[in-house]
Amino acid sequence: MIKAVTGTRDTLPSDIPKWNYLESSVKSVFSNFNYKEIRTPVFEETNLFARGIGEATDIVGKEMYTFLDRSGESITLRPEMTAGVVRAFIEHSLDKKQNLNKLFYIGAMFRQERPQAGRFRQFHQFGAEALGSNDPLLDAEMIIMAYEIFSRLGLKNLLVKINSLGVPSSRENYKNILKQYLAPHFALLSSESKKRFETNILRLFDSKEEADRKIMENAPLLIEYLDEESLNHFEKVKQALLSTGIPFEVDARLVRGLDYYTHTTFEVVSGSVGSQSALCGGGRYNLLVKELGGPDLPGVGFAAGMERILLACENEKSFEPEEEKIDLYMVALDKGLENFIYGTAVKFRRNGISVDLDYLGRSVKAQMREANRTNAKYVLLVGGEEFSRGEVVLKNMANGEQKIFDKNDFEKILLSIKEN
RNA sequence: GUGAGCAUAGCUCAGUUGGUUAGAGCAUCUGGUUGUGGCCCAGAAGGUCGUGGGUUCGAGCCCCAUUGCUCACCCCA
């Protein structure tokens with residue numbers, strides 16, 4: 001038997017209602033904040049991600065689905081969407097059409113990692129990017145939108161963590177201070193951390209190695225060395241969150257894995273999923289647009305993992321998607337009525353009524369069971385004595401009431417069904 | 001890439017110290033109502049016990065290998 005590739009999965013018809021509910025919640029929140037949807041290709045030139053996300057990151061280093069296409073060009077399935085959105089923004093000079101572009105997306109991403117609870121190789125994210133403004137209100141807006149979506153889904157058990165990475169100059173300054181602090185302890189660091197000492201020293205705060213943690217416990221924090229401008233920016237973000245009633249916690253050790261962040265970084269974690277508890281993450285990236293060859297414009301954004309969100313929703317039973325119903329099921333009481341029944345069914349369908357009927361030659365009882373299973377609001381019974389008198393019976397499945405109609409009085413039956 | 005656990009019907013799972021024809025619930029189908037669903041009752045169908053080897057008179061059960069899944073690490077949404 002051929003099975004779905006490791007880390008990918010099918011979304012069966014029975015799973016679709018909750019996905020639809022999630023997607024429509026996402027779209028309505030983004031629409032309330034006036035973000036416009038953007039769709040970009042699922043694959044891009046490999047270079048885009050290498051430059052945009054950072055060569056030293058795990059995503060680029062070991063998780064990308066990269067291959068050569070038939071012309072020998074290196075192609076990569078997108079592991080995240082920010083790089084693609086920024087590429088499209090630059091390519092189409094969106095900054096010339098309006099000064100601030102507020103964009104959102106929903107789509108599939110690909111990373112070759114070992115699957116586990118809340119982690120897949122093909123997974124789905126929604127997210128937003130605001131390009132063209134350095135306003136701290138937009139940093140806060142990302143968090144507010146994510147939080148609003150989670151609230152509308154009924155999620156509790158959430159923790160918003162924020163931090164600031166400052167501007168490059170104060171960060172470089174701080175990195176030197178951190179290096180000085182770590183130098184005497186260098187020999188005790190884990191081998192992975194020794195590597196990061198050179199490549200991305202801030203990530204040492206993420207380490208779960210006991211030895212590293214002990215050393216990092218007393219390390220100086222970036223937030224203590226932020227310049228005036230960065231502190232100011234961070235303060236305004238916090239004020240905006242306070243004024244809109246979003247509970248949050250400053251986590252000075254929160255460091256995002258991607259290279260492009262400046263100023264604000266944040267994450268929302270859930271206590272209702274497995275160990276992969278980050279439902280969303282994001283931050284400001286004032287250097288990325290220029291880095292990818294565009295104008296020197298600031299940006300801020302976030303991405304949220306949809307499988308993780310649904311997992312949290314299921315564990316919390318936070319919402320119950322409405323069960324799917326059809327308007328009408330047509331039942332044949334005897335054979336030889338196919339033409340009338342099928343013709344009438346199509347006529348109803350053309351009038352916007354959802355209709356189904358038996359295609360398996362089943363008994364009346366089985367047809368009624370099927371009508372019940374599909375949550376049909378009405379059943380139209382065709383056949384027998386009534387039909388030979390020129391009549392059909394419309395049965396209301398909720399209360400069992402039956403009404404008799406002239407079989408040619410389509411409009412009256414239609415009206416009766418539409419009433420409900 | 002590393003580690004641990006699991007693999008029996010469509011689904012969720014039983015299966016006693018290895019011993020005849022491998023079970024249940026749910027779902028499916030048929031009937032109880034010659035033309036009427038949900039509840040109930042009766043019955044039916046459905047399994048190379050993941051795969052390949054081995055031990056044994058005998059393996060779903062023990063051993064080895066292999067594949068897959070799950071969870072965790074790394075890292076991330």
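Here is the naming used below: chain letters follow the sequence lines, and residue numbers restart at 1 for every chain.
- Atom CG in A:Asp356 sits roughly 19 Å away from atom P in B:rG37 (whole-Å rounding).
- B:rC69 atom C1' lies 15 Å from atom CG of A:Asp10, rounded to whole Å.
- The partner of B:rA59 is absent, by the rule that a Watson-Crick or G-U pair needs both atom distances under 3.5 Å.
- For the pair A:Arg362 CZ and B:rU30 P, the interatomic distance rounds to 7 Å; values are reported in whole Å.
- Proximity note for A:Arg119 (side chain, C-beta onward) versus B:rA77, B:rG68, B:rC29: the nearest is B:rA77.
- The closest side-chain donor-acceptor pair between A:Ser272 and A:Asn315, if any, does not fall under 3.5 angstrom.
- Taking the ring centroids of A:Phe43 and A:Phe110, they lie at or beyond the 6.0 Å cut-off.
- Straight-line distance between the C1' atoms of B:rC57 and B:rG46: roughly 33 Å, to the nearest whole Å.
- B:rU56 and B:rC6 have their P atoms separated by 27 Å, given to the nearest Å.
- Nucleic acid contact for A:Gly127: none, since no nucleic acid atom lies under 4.0 Å from a heavy atom of the residue.
- No side-chain donor from either of A:Lys377 and A:Asn375 sits under 3.5 Å from a side-chain acceptor of the other.
- B:rA65 and B:rU2 are spaced 16 Å apart, taking the P atom of each and rounding to whole Å.
- OP1 and OP2 of B:rG35 both lie 4.0 Å or more from every side-chain N or O belonging to A:Ser363.
- With distances taken from any side-chain atom of A:Glu385 to the nucleotides B:rC74, B:rG35, B:rC69, the minimum falls on B:rG35.
- Comparing A:Val5 and A:Phe120 along RNA chain B, the residue whose closest nucleotide (by nearest heavy atom) sits nearer the 5' end is A:Val5.
- Taking atom P in both B:rU16 and B:rC62, the straight-line distance is 9 Å, to the nearest Å.
- Taking the nucleotide of RNA chain B with the nearest heavy atom to each of A:Arg121 and A:Ala4, the more 5' of the two is matched to A:Ala4.
- On the C1' atoms, B:rG43 is 40 Å away from B:rG5, given to the nearest whole Å.
- One finds no side-chain N or O of A:Thr57 lying less than 4.0 angstrom from the OP1 or OP2 phosphate oxygen of B:rC75.
- Partner assigned to B:rA14 is none, using Watson-Crick or G-U wobble distances below 3.5 angstrom.
- If you take CE of A:Met142 and P of B:rA77, they are 15 Å apart, rounded to a whole angstrom.
- Regarding A:Gln112, its CD atom lies at a distance of 14 Å from the C1' atom of B:rC75, rounded to whole Å.
- Contacts of A:Ala117 with the nucleic acid, taken as non-hydrogen atoms under 4.0 Å apart, involve only primed sugar atoms and P, OP1 or OP2.
- When both pairing distances are held under 3.5 Å, B:rU66 makes a Watson-Crick or G-U pair with B:rG50.
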_Candidate pair A:Thr66 and A:Phe49, rule side chain to side chain contact (heavy atoms under 4.5 Å, CB included), full reasoning_ = CA-CA 11 Å; A:Thr66 298; A:Phe49 302 115; over 6 Å; no
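- Within the nucleic acid shown, A:Lys3 comes within 4.0 Å of sugar-phosphate atoms alone, with no base atom in reach, counting heavy atoms only.
- Residue A:Gln402 is in base contact, counting any heavy-atom pair closer than 4.0 Å across all strands shown.
- Separation of the A:Phe387 and A:Phe340 ring centroids falls under the 6.0 Å cut-off.
- One interatomic measurement links the two molecules: CZ of A:Arg369 to C1' of B:rC40, which rounds to 13 Å at whole-angstrom precision.
- A cation-pi arrangement, defined by a distance under 6.0 Å to the six-membered ring centre and an angle within 45 degrees of its axis, is present between A:Arg9 and A:Phe120.
- For A:Tyr378 and A:Tyr329, the distance between ring centers is not under 6.0 angstrom.
- The gap from the P atom of B:rA42 to that of B:rG47 amounts to 24 Å, rounded to the nearest Å.
- B:rA9: no Watson-Crick or G-U partner with both key distances under 3.5 Å is found in any strand.
- Contact annotation: side chain of A:Arg114 to base of B:rC71, donor-acceptor pair absent below 3.5 Å.
- OP1 or OP2 of B:rU28 sits under 4.0 Å from a side-chain N or O of A:Arg373.
- B:rC11 and B:rC41 have their C1' atoms separated by 24 Å, given to the nearest Å.
- A donor atom on one side chain and an acceptor atom on the other are not found under 3.5 Å apart for A:Asn163 and A:Thr265.
- The residues A:Glu44 and A:Arg87 are annotated as salt-bridged, a charged nitrogen and a carboxylate oxygen being separated by less than 4.0 angstrom.
- Pair assignment for B:rC76 gives none, since no Watson-Crick or G-U wobble pairing has each distance under 3.5 Å.
- Rounded to whole Å, the P atom of B:rG31 lies 39 Å from the corresponding atom of B:rA7.
- Pair assignment for B:rA27: none, as no Watson-Crick or G-U wobble contacts are both less than 3.5 Å.
- If you check distances only, the side chain of A:Gln276 does reach the base of B:rC75 with a donor-acceptor pair under 3.5 Å.
- In this structure, A:Phe126 reaches neither bases nor backbone, as no heavy-atom distance under 4.0 Å exists between it and the strands shown.
- Donor-acceptor pairing under 3.5 Å, judged by distance alone, is absent between the side chain of A:Glu63 and the base of B:rG1.
- B:rG37 makes up no base pair with any nucleotide shown, lacking Watson-Crick or G-U wobble contacts both under 3.5 Å.
- Side-chain rings of A:Phe30 and A:Phe104 approach one another, their centers coming within less than 6.0 Å.
- Using a 4.0 Å heavy-atom distance criterion, A:Glu80 is classed as making no nucleic acid contact.
- A donor-acceptor contact under 3.5 Å is not formed by the side chain of A:Arg111 with the base of B:rC76.
- When the P atom of B:rA77 is taken as reference, atom CG of A:Leu155 falls 18 Å away, rounded to whole Å.
- Using a 4.0 Å heavy-atom cutoff across all strands shown, A:Leu333 reaches at least one base atom of the nucleic acid.
- Counting distance only, with no hydrogens placed and no angle test, the side-chain atoms of A:Lys365 and the base atoms of B:rG32 include a donor-acceptor pair under 3.5 Å.
- As the counterpart of B:rC71, B:rG3 is assigned, both hydrogen-bonding distances of the Watson-Crick or G-U wobble pattern falling under 3.5 Å.
- For B:rG37, its base sits under 3.5 Å from the side chain of A:Asn372 at one donor and acceptor pair at least.
- Listed nucleotides B:rG31, B:rC73, B:rC76 differ in distance to A:Ile59; the shortest reach to its side chain belongs to B:rC76.
- For the pair A:Gln116 CD and B:rG1 C1', the computed distance is 14 Å after rounding to whole Å.
- Looking at heavy-atom distances under 4.0 Å, A:Gly282 makes no contact with the nucleic acid at all.
- Within 4.0 Å of A:Gly281, counting heavy atoms only, lie sugar-phosphate atoms of the nucleic acid but no base atom.
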